[in-house]
Amino acid sequence: MKKITHLIDLNDFNLNIVEQLLDKAIQIKQDVNLYKNLMAGKIMGSIFFEPSTRTQFSFQTAIFKLGGQFLGLTDLNKSSMAKGESFSDTIKIMSLYSDILVIRHSKDGAARAASLISKCPIINGGDGIHLHPTQTLTDLLTIKELKNRLDGLKIGFCGDLKFSRPINSLVRFLLHKKNNEFFFISSKNLQISKFLKDELKKYGNYFIELENLNEIISQLDVLYMTRVQQERFKNVNDYEIEKGNYKLNPTNLKLTKNDLIIMHPLPRVDEIDPQIDSDNRAVYFLQASNGVFARMALISELFGSLHGVQNNVFERSDVLDINCSNENCVSRVALELPKLFYKTENSYRCTYCDEEILTI
Ligand code: NCD
């Protein structure tokens, strides 16, 4: 069978491969014209089942700058899904027309599921509240460019830490680097997941959870803000309680180090005062523009040195006759998918969304 490489979770690759992707992005950024024919004749397909500005258009910009073409499915009412076509058939068909396929979906694990079906490499453009690996590449590129390292950093994450897939993804990567310290600032209801806490402990990371940003802002090298993810709340009242709780303003900045960097995956709602935009510490627009170089590097490496590098998550998985207990898992709606689970030390986890299922 033809081996293809997907990007579903950055942790599927070893740390060196991720560093290699970042080095490539830095090279591309230095002289973008050198790469203008790299993807000539290739087509990037994209299926966005959820709204997107940065991810979608930075992918488009990236493929155009590499000399390739773009095919996008955004209005699902105009696709055969509106006629009842299954998730799997839609993915299969789009993958037959594309050389590489980006997918964004509201269900956790949708990208992993797509990689099981696809005939071409899949890139995860964000799956539910689970992962957002190309945002992570973008974030890492920005940190590396400005801090010259990805370890030994004091990083604060502030806002909706429960539903933010950029934060989930970034923490899941950074916890494998050395001597990073994590400060999770949120309300009690929007704390990081048990999965992340378990991983942070397993790899011996220092972390604390707190509610007051000003308590630790002076210590931070990186502050990563995020919006409250209104669309993920089941109950409007719960959202009303959380919205507007964290608003970074010029007064907060009086307390910080001069070389703090303030990041945000964007879009923002009201959690960063626009007066801060012109401050040297605000790097979120640089971060958004770095998204193009990170994605150019990824696309070129999926066809270059990463070609055929396979992650073996499916080989490690067992089919079990149980349902994933995560209600937002793709396997709960795309019923044609096999029920796959992989073993960890003392539990099973869902292959698609990583939810812990059984204690063995
Ligand atoms: C994020 C996303 O879609 O997860 N946006 C992005 O891709 N830059 C963050 C968000 O929607 O808040």
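Just so you know, ligand 1 is whichever comes first in the structure, and atom 1 is the first atom listed for that ligand.
- Residues satisfying the side chain to side chain donor-acceptor pair (under 3.5 Å) test with Asp277, not counting sequence neighbours, are Arg268, Tyr284.
- Salt bridge Arg165/Glu50: present, at least one basic N to carboxylate O contact under 4.0 Å.
- Sorted by chain and number, the heavy-atom contacts of ligand 1 below 4.0 Å come from Arg54, Thr55, Arg104, His132, Gln135, Arg165, Pro166, Arg227, Gln229, Pro265, Leu266, Pro267.
- A salt bridge does not link Asp127 with Arg112: none of the charged nitrogens is closer than 4.0 Å to a carboxylate oxygen.
- Scored by the ring pair (Phe, Tyr, Trp, His ring centres under 6.0 Å) test, Phe195 finds no partners at all (sequence neighbours excluded).
- By the salt bridge (charged side-chain N to carboxylate O under 4.0 Å, His left out) test, Lys144 is found to be paired with Glu19, Asp23, residues two or more places apart in sequence or in another chain being considered.
- At a threshold of 4.5 Å between non-hydrogen side-chain atoms, the residues Leu66 and Lys42 do not count as touching.
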